[in-house]
Chemist: 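Take this structure first; my questions come after.
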Amino acid sequence: MDSPRGPASFATQANALLRKNLSVQKRNLKTNIGITFFPILICVLLIVLQNIINNELDKPKYKCGCVCLETSLDGRCARKQCGIQYSTLDQVGSCPIPSPPQWPAMIQIPRADFRAVRTFSQPFSDLPDPFCRDSWSCPATVLVTGKDKAVAEAISGGLFPVLSPSLNATDLLDLFTKIVAGSDTQPWYTQLLEPAFFSGRTLYVIQPECLPVMSQTITYNTGGIPFQLNIQCVEGVPLWRESASIINHEFLKGYRQRGGEINEFIAGYDFLGTTQYGLGVNVWYNSTYSDNNAYSFITTLRVPRLVNAVSNAYLKFIKGTGVEMLLEYVKDMPKVGTSFQLDLSSLLSVLFFTWIIELLFPVMLSYLVYEKQQKLRIMMKMHGLKDGPYWLISYSYFLALSIVYMLFFMIFGSLIGLNFFRVNEYSIQVVFFFICINLQIALAFFVASFFLSVKMATVIGYMYVFGSGLLGAFLFRFFVEDQMFPYGWTLVMEIVPAFSLYRGLYELGQYAFSGSSMGATGMTWRSLKDPLNGMHDVMIIMSVEWAVLLILAFYLDQASLLGGGVRKNPFFCFRCLQKKHAPSLHEPSNAQQDSKVILDVEKSDVALERKRVEQLLIDPNANQAIICDNLRKVYHGRDGNPNKLAVRGLSLVLQKGQCFGMLGPNGAGKTSFINMMIGLIKPTSGTAYVHGMDINMDMGNIYTNMGVCPQHNLLWETLTGKEHLFFYGRLKNLKGAELMKAVDHSLKSVNLSHGNVGDKQVKKYSGGMKRRLSVAISLIGDPKVVFMDEPSTGLDPASRNNLWNVVKEAKKNRAIILTTHSMEEAEVLCDRLGIFVDGDFQCLGNPKELKARYGGTYILTVTTPPDQEMEVEQLVHQFSPSANKIYHLSGTQKFELPKQEVKIAHVFDVVEKAKRRLTIHAWGLVDTTLEDVFIKVARGAQVFNEFV
Ligand SMILES: Nc1ncnc2c1ncn2[C@@H]1O[C@H](COP(=O)(O)OP(=O)(O)OP(=O)(O)O)[C@@H](O)[C@H]1O
């Protein structure tokens, strides 16, 4: 018995696919190099920008100011002294400050035009009259409350000590120790500089009552820096409120709101249960007055004076006015000289690097969808490629590409000195990036299941890359930085792969930034224990997601067209479990039992074929290559169209070594039949057996012994003809010399061996050459069953004859089913024919039988002048009374003459004699051709179907 070839092993298939992929990628070298070098380009861009910034920051205007104390003879400065006293505001930040200045402790005072006043909504409030705003002379108010009103009022009355005329106004530190002073400037985040003294704005002395002499301009000197200060008195008014909640409410209402009134207070004091035996006080201070958002500098630096003021007032309350609690000054810690730095790679890098890493995503996505869109994946599957090698090789290829890409990025980034890479521990980066790229590959496989068009997938892929990067930088980042935002929600957002990537890069960037600017170490494995470091959680989330997405992607792949070659329902797995009983080769199917007995005599051969199928299903026979058992295909009607019955219960038996031709008009259902047989679409009911294997259950195994030449060429444009044949040959388990021989033979047999055509890329092939290559692919590896859908379409007569010889040679030891519109091809190649009309066989048999059965007539054609048509017709009826006129136009008439009525010699005789009295321009008598049979059967079937 002729046993089918064994399937190629996993390793052989993986090897075949790997070689094919390498060839494809070799052709895409430029693109691949472009992709790999993209991160380098971005690094170079960053470094160029960094240099520009460094150059700018290196200019004297950003360095600590100096004066030259001694000039040398050549005019250079021999001795210079630097310090904040010689610096402008831009320069001070970089000066060393070994002995930081002492600043009077200030409080924050609302701007004159924002101070709380009586409003329309509260006309009887005890707040100052609003007219004071016109003259910028509104008092500044403090709201107080407590259990004991008398105590609270007594203490708060001493909050702002009265300026004594004996105080020396030039020693400001001393002056501001004794009184409460404030500023409406925005405090800085250090107290190395107090903007109240630098900004040129008025400095306020808060007094219970203001006298005109209290406002003046004085000169002040701190740390050797002289300042001109404009000092102004402002009245400080404590106002009693019944409860803390009223104070809260007034503070809230007075806060800057769009369209609302601004009513700002200095502060609020809740004296709680304060008595002469103990002070307990809550202080309200405004930390957001400087800006309307919560992300400005922390502004608690002006709180100490508020606390001191109330403590001092309380001391006076219990001990009398002679006792004071003084807050001398506030002073920052000393600092070394620094230079201004802006580390772009650490700051900008997070967004840029997110984009760089994600950029591989659309590349992989479009690659996967391309194979699906071009039906190349299913083509490979039809030639035996199993899912395992496909996934392994595709995944490994993407992984290798991503690793090279990331290595280039890290190595180059480190070499050119990007702190992002250099400061953080490399092992953390390697682990993090490895997880990232794996997650990205799994995501690409997962997303690819939802697309059928490369264009769409590419557009969506790039939108995801740029959109998610921007969302990460301008939305997600704020949630990460907001300490108040629930951490659980941040973790939920990190389920989006782009956000988890962003978070990881953000953490690396933060550590790199603090590492480079503050001399700290970058991220180490120990840093992962820091609860504020999100890297630990990000790595866990990404790893879990990677595994989950891979499983989901594989599941969807199986459920989609890619999987079994048949588009399955996404819930196919559950359906499999529910399926209790599948039809087998030995049991007739239900559909078959329902089949009607075809009484039409014309279709007796079709009925006979059905009987043979029934018989073979009960009593199988190893000689049969293909058995189709009542195959039906119904396409669901879309957009309001009715369902389409494309194949109506087709039954057929095909023996080994036979070539079966399927003839039929356009839309008859031939391609639908072939597509069911090759696993492209699933039968609605019925099944077929290829070498005993059920197409509904065992397509994977059938593919190892099947060759397919689809109606449209499914080829890689960048591969050569030879590479195609090598690839499919290896999939069919051909190796070494056998493979070389088979490829050479294939190329020769389809006439693609001359002039090195086989080594040219398919995109340079003509339509006919592609067709011949498709036929060669379908035959390589000696498949036992071959399906060819219109194999000679688009071939010139010489190539067609050549192709016929190939098929004739090939059919010797295999079964071939081909569809064709060429009667000549059918007659030359096919041992059996079936004329297929409207989803059904109308007749079956070999070409001679069909011609004999449907063509028992001769066709007589006579051309005369039109006025002699009648006489010709009478003449024909004289020697063939049953003659049937099938055509007439302008004197040309065609008659069908039953063969039993006429003798050819007699017809010649009659016509020659008639020439004497009639003007016969031309005439001819031919036997019926297959074409006549086809037209007759097809027309008859259509008329019948219309009638039914
Ligand atoms: N996916 C589909 N959805 C709905 N109807 C379809 C689908 N594919 C094919 N048909 C319809 O089924 C019928 C059979 O189509 P099929 O392509 O099988 O015919 P064919 O004999 O191969 O035609 P041709 O010789 O032109 O290739 C046609 O009426 C066609 O419009």
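Read the numbers this way: they start at 1 and go in the same order the structure lists the ligands and their atoms.
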Chemist: Closer than 4.0 angstrom: is that true for some heavy atom of Q711 and an atom of ligand 1?
Modeler: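 The answer is yes: ligand 1 sits under 4.0 Å from a heavy atom of Q711.
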Chemist: Quick check: does any side chain N or O of T684 sit under 3.5 Å from a backbone N or O of V634, one acting as donor and the other as acceptor?
Modeler: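 Yes, the answer is positive, given that a donor and an acceptor are paired below the 3.5 Å cut-off.
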Chemist: Using only atom types and a distance under 3.5 Å, with no angle test, would you say the side chain of S749 pairs donor to acceptor with the backbone of S746?
Modeler: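 Between the backbone of S746 and the side chain of S749 there is a qualifying donor-acceptor contact (under 3.5 Å).
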Chemist: Determine whether the side chains of T718 and Q761 contain a donor N or O and an acceptor N or O closer than 3.5 Å.
Modeler: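 No donor-acceptor contact under 3.5 Å links the two side chains.
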Chemist: Given N641, T671, T819, identify the one with the heavy atom nearest to atom 22 (O) of ligand 1.
Modeler: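 The option holding the nearest heavy atom is T671.
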Chemist: Tell me whether D831 contacts the main-chain N or O of C659 through its side chain, where contact means a donor paired with an acceptor under 3.5 Å.
Modeler: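 Checked: pair present.
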Chemist: In terms of residue, atom name and distance, what is the protein heavy atom nearest to atom 29 (O) of ligand 1?
Modeler: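 Of the protein heavy atoms, K644 CE, 3.2 Å lies nearest.
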Chemist: State, with a plain yes or no, whether a side-chain heavy atom of I835 is found less than 4.5 Å away from one of V837.
Modeler: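 Side chain of I835 against side chain of V837, heavy atoms only: contact under 4.5 Å found.
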Chemist: Looking only at distances, please establish whether an N/O atom of ligand 1 is found under 3.5 Å from an N/O atom of K670.
Modeler: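 By distance alone, the answer is yes.
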Chemist: What residue and atom, counting heavy atoms only, is the protein's closest point to atom 26 (O) of ligand 1, and at what distance?
Modeler: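 Nearest protein contact, heavy atoms only, for atom 26 (O) of ligand 1 is N666 ND2, 2.8 Å.
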Chemist: Which residue owns the protein heavy atom closest to atom 16 (P) of ligand 1, what's the atom, and how far is it?
Modeler: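 Its nearest protein heavy-atom neighbour is S672 OG, 3.7 Å.
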Chemist: What residue and atom, counting heavy atoms only, is the protein's closest point to atom 23 (O) of ligand 1, and at what distance?
Modeler: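 The closest one turns out to be G667 N, 2.9 Å.
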Chemist: May I ask you to check if ligand 1 and A646 share an N or O to N or O distance below 3.5 Å?
Modeler: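 No; the residue has no nitrogen or oxygen that sits under 3.5 Å from a nitrogen or oxygen of the ligand.
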Chemist: Between K372 (side chain only) and S449 (backbone N and O only), is there a donor and an acceptor less than 3.5 Å apart?
Modeler: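 Yes: the side chain of K372 pairs with the backbone of S449.
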Chemist: Within ligand 1, which atoms have a heavy atom of E790 less than 4.0 Å away?
Modeler: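 Heavy-atom distances to E790 below 4.0 Å select 25 (O), 27 (O).
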Chemist: Specify the protein heavy atom at minimum distance from atom 6 (C) of ligand 1: its residue, its atom name, and the distance to 0.1 Å.
Modeler: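 Of every protein heavy atom, Y635 CD1, 3.2 Å lies nearest to atom 6 (C) of ligand 1.
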Chemist: So, are E809 and R814 salt-bridged, with charged N and O less than 4.0 Å apart?
Modeler: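 Between R814 and E809 there is no salt bridge, as every charged N stays at least 4.0 Å from the carboxylate O atoms.
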Chemist: Give the atoms of ligand 1, by number and element, whose distance to some non-hydrogen atom of H821 is under 4.0 Å.
Modeler: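 Per the distance check, 25 (O).
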Chemist: For N21 and Y367, test the side chains for any donor-to-acceptor distance below 3.5 angstrom and give the result as yes or no.
Modeler: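 A pair is found: one side chain offers a donor N or O, the other an acceptor, under 3.5 Å apart.
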Chemist: Look at atom 19 (O) of ligand 1 and say which protein heavy atom is nearest, naming residue and atom and giving the distance to 0.1 Å.
Modeler: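 Looking at atom 19 (O) of ligand 1, the protein heavy atom closest to it is G669 N, 3.2 Å.
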Chemist: Quick one: does K633 get within less than 4.0 Å of ligand 1, heavy atoms only?
Modeler: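 For ligand 1, residue contact (heavy atoms, under 4.0 Å) with K633 is absent.
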Chemist: If you count the atoms of ligand 1 from 1 in the order shown, which ones are under 4.0 Å from a heavy atom of A668?
Modeler: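 Checking each atom against A668, I get 19 (O), 20 (P), 21 (O).
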Chemist: Pairing donors with acceptors under 3.5 angstrom, does anything connect the side chains of N630 and S651?
Modeler: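 On atom types as modelled, these side chains do not qualify, holding no pair under 3.5 Å.
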